[in-house]
Amino acid sequence: MASIKDVARLAGVGPATVSRVLNNTGYVSMKTREQVEAAIRELNYMPNELARNLFRKKAGIIAVLMPNTIHPFFSSFLGYVETELNKKGYKTMICNTTTDRNSEHEYLDMLDRHIVDGIITDVHNLDIEEYRHINKPIVALDRYLGKNIPVVSSDHRTGGRMAAEALIKSGCKRVLHFREDETYEAPFYERHREFERLIRAEGLEYISAMLDLNRFDTKYFNQEVKRIFETNIDFDGIFGGDMPALACLKECLNRGKRVPEEVKIIAYDGTYITNMVVPEVAAIVQPVKELAEISVEILSEMLNGIDNFPIHTVLPVSLKLGGTL
């Protein structure tokens, strides 16, 4: 296998000149450039891209940290992010962090050592302090990580209001709300607060069902929903993420409860799975594609030294009607 010294010897130049041609840095005359390029072709020389990137402190790789890549929201987001990063010449390192708290430390260390150029993250394991000392390109999805780390999120407050208004308009009197413990400050909690506020303000009975924050498997949601139904709590409206909402639809049908005649259901996220069941589930839809595009665009600006990006970008949600309202 040819080396950079072999290329230099054949072209009649020094290795530093070959390096300038490969990296497109410094001045090289057209004649010399042609000699080097001819030598590269003749020797079929393949530069060591990893070594070159490490020398330039640029890896060409972006790490995307997600709690779970099986969840339909996160998998959709990842797909769009990878497409956008590819357009900008970056490779995507997909990092599933749910099962190992230390993995988040490891990816931050990779950023610090230039193994990756930047991070897009939506994980919820480490304390904010872990991020504050890192002065590198990081974009957060739906979590506040520090005053200098930009956040991209949906308009969750409006989403919670729209969900509450939909159930109120449908005539619900007793509403079951699936939510998670508020263990840190994050934009997505606003949907829960606004939903509860409006339901209580209308004088409806409000029932809270707490779910583990970092559990995303279908088996878990089915078990929790079944457990709640077995308590024989009386409710005629349900609000929760896509997966618990679909688990509720399944349990209602198994128990002979008519949807939407006896129980109305509205989901949050509005991913493709809400359209794959009968009846289709009504949902508040997050703009996943736009969230991905904006996240990549802001990270790209940071990588290029642009520092006038917004610290918090909020994108609108929408109501998707279905057969469960």
Step by step, work out the salt bridge (charged side-chain N to carboxylate O under 4.0 Å, His left out) result for K257 and E251. CA-CA 8 Å; K257 290 182 176 289; E251 193 66 21; over 6 Å; no
Decide salt bridge (charged side-chain N to carboxylate O under 4.0 Å, His left out) for E185 and R193; before the verdict, give the C-alpha distance in whole Å, the side-chain angles of both, and the deciding distance to 0.1 Å. CA-CA 12 Å; E185 268 301 309; R193 299 167 189 158; 3.4 Å; yes
Applying side-chain hydrogen bond (donor to acceptor under 3.5 Å, both in side chains), run through S3 and D6 and close with a yes or a no. CA-CA 5 Å; S3 69; D6 296 326; 3.2 Å; yes
Would you check, one step at a time, whether the test side chain to side chain contact (heavy atoms under 4.5 Å, CB included) holds for K250 with L246? CA-CA 6 Å; K250 175 184 175 182; L246 264 67; over 6 Å; no
Step by step, would you call L315 with D155 a side chain to side chain contact (heavy atoms under 4.5 Å, CB included)? CA-CA 6 Å; L315 301 180; D155 186 353; over 6 Å; no
Run the side-chain hydrogen bond (donor to acceptor under 3.5 Å, both in side chains) check on H192 and E180 step by step: do they pass? CA-CA 9 Å; H192 298 309; E180 305 86 15; 3.2 Å; yes
So V259 and L249, side chain to side chain contact (heavy atoms under 4.5 Å, CB included) or not? Walk me through it. CA-CA 8 Å; V259 178; L249 174 61; 4.1 Å; yes
Could you go step by step and tell me if E224 and L211 meet the side chain to side chain contact (heavy atoms under 4.5 Å, CB included) rule? CA-CA 8 Å; E224 287 301 298; L211 296 172; 4.0 Å; yes
Using the rule given for salt bridge (charged side-chain N to carboxylate O under 4.0 Å, His left out), can you reason through E230 versus R227, listing the C-alpha separation, both sets of side-chain angles and the distance that settles it, and then say yes or no? CA-CA 5 Å; E230 286 176 348; R227 180 184 62 79; over 6 Å; no
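A side chain to side chain donor-acceptor pair (under 3.5 Å) check over residues 276-290, counting only residues at least two apart or in different chains, returns the pairs S154-Q286, D269-Q286, K289-E293.
In this structure, the side chains of L204 and R174 stay at 4.5 Å or more apart for every pair of heavy atoms. Two residues are said to be in side-chain contact when any heavy atoms from C-beta on lie closer than 4.5 Å; I207 and E205 meet this criterion. Two residues are said to be in side-chain contact when any heavy atoms from C-beta on lie closer than 4.5 Å; E262 and R258 meet this criterion. Inter-residue side-chain proximity for E297 and K88 is flagged as met; some heavy-atom pair is nearer than 4.5 Å. Between I62 and L299 the shortest side-chain heavy-atom distance falls below 4.5 Å. You'll find the side chain of T274 stays beyond 4.5 Å of the side chain of V285, heavy atoms only.
Of the possible polar contacts, none joining the T17 side chain to the V13 backbone as a donor-acceptor pair under 3.5 Å is found. Side-chain atoms of K264 come within 3.5 Å of backbone N or O of P260 as a donor-acceptor pair. A distance-only check finds a donor-acceptor pair linking the side chain of T324 to the backbone of I265 [under 3.5 Å]. S300 contributes no side-chain N or O that, together with a main-chain N or O of V296, makes up a donor-acceptor pair within less than 3.5 Å. Not a single donor-acceptor pair under 3.5 Å links the side chain of D122 to the backbone N or O of M66. Proximity of a side-chain donor or acceptor of D236 to a complementary backbone N or O of K173 within less than 3.5 Å is detected. In this structure, the side chain of Y220 engages the main chain of D212 through a donor-acceptor pair within 3.5 Å. Side chain of S19 to main chain of P15: no donor-acceptor pair is present (N/O by atom type, distance under 3.5 Å, no hydrogens or angles).
Two rings, from F178 and F221, have their centers 6.0 Å or more apart. Checked against the 6.0 Å centroid threshold, H156 and Y189 do not count as a close aromatic pair. Between F229 and F235, a ring centre-to-centre spacing shorter than 6.0 Å is recorded.
Residue I70 shares its hydrophobic cluster (ILVMFWY side chains chained together at separations under 4.5 Å) with no other residue.
V314 is not connected to L319 by any chain of hydrophobic side-chain contacts under 4.5 Å among Ile, Leu, Val, Met, Phe, Trp and Tyr, and they are in different clusters. Note on I199: it does not cluster hydrophobically with F188, by side-chain heavy-atom contacts below 4.5 Å among ILVMFWY residues. In terms of hydrophobic clustering, with Ile, Leu, Val, Met, Phe, Trp and Tyr side chains grouped at heavy-atom distances under 4.5 Å, V288 and V139 are assigned to a common cluster.
For the side chain to side chain contact (heavy atoms under 4.5 Å, CB included) test, residues two or more places apart in sequence or in another chain that qualify with T218 are N222, M243. Partners of T271 under the side chain to side chain donor-acceptor pair (under 3.5 Å) rule, at least two apart in sequence or in another chain, are D242. For K320, the salt bridge (charged side-chain N to carboxylate O under 4.0 Å, His left out) test picks out no residue, with sequence neighbours left out. Contacts of F195 classified as ring pair (Phe, Tyr, Trp, His ring centres under 6.0 Å), with partners at least two apart in sequence or in another chain: H177, F239.
Summarising the local packing, CZ of F309 is surrounded by more than 12 heavy atoms from other residues, nucleotides or ligands at distances under 6.0 Å. The number of heavy-atom neighbours closer than 6.0 Å to CZ of R20, taken from other residues, nucleotides and ligands shown, is above 12. The environment of CE in M276 is sparse: at most 12 heavy-atom neighbours from other residues, nucleotides or ligands sit within 6.0 Å.
Looking at every heavy atom in both residues, Q35 comes nearest to A11 through NE2-O, 2.9 Å.
Taken from CD in E196 to OH in Y206, the straight-line distance is 4.0 Å, to the nearest 0.5 Å. Here CG of L85 is found 11.5 Å from CD1 of I61. Values are rounded to the nearest 0.5 Å.
Salt bridge annotation for E34-K31: absent, with no cationic side-chain nitrogen under 4.0 angstrom from a carboxylate oxygen. Taking 4.0 Å as the cut-off between side-chain N and carboxylate O, R215 and D217 count as a salt-bridged pair.
Under the 30°/60° scheme for interplanar angles, the aromatic rings of F74 and H71 are found to be tilted.
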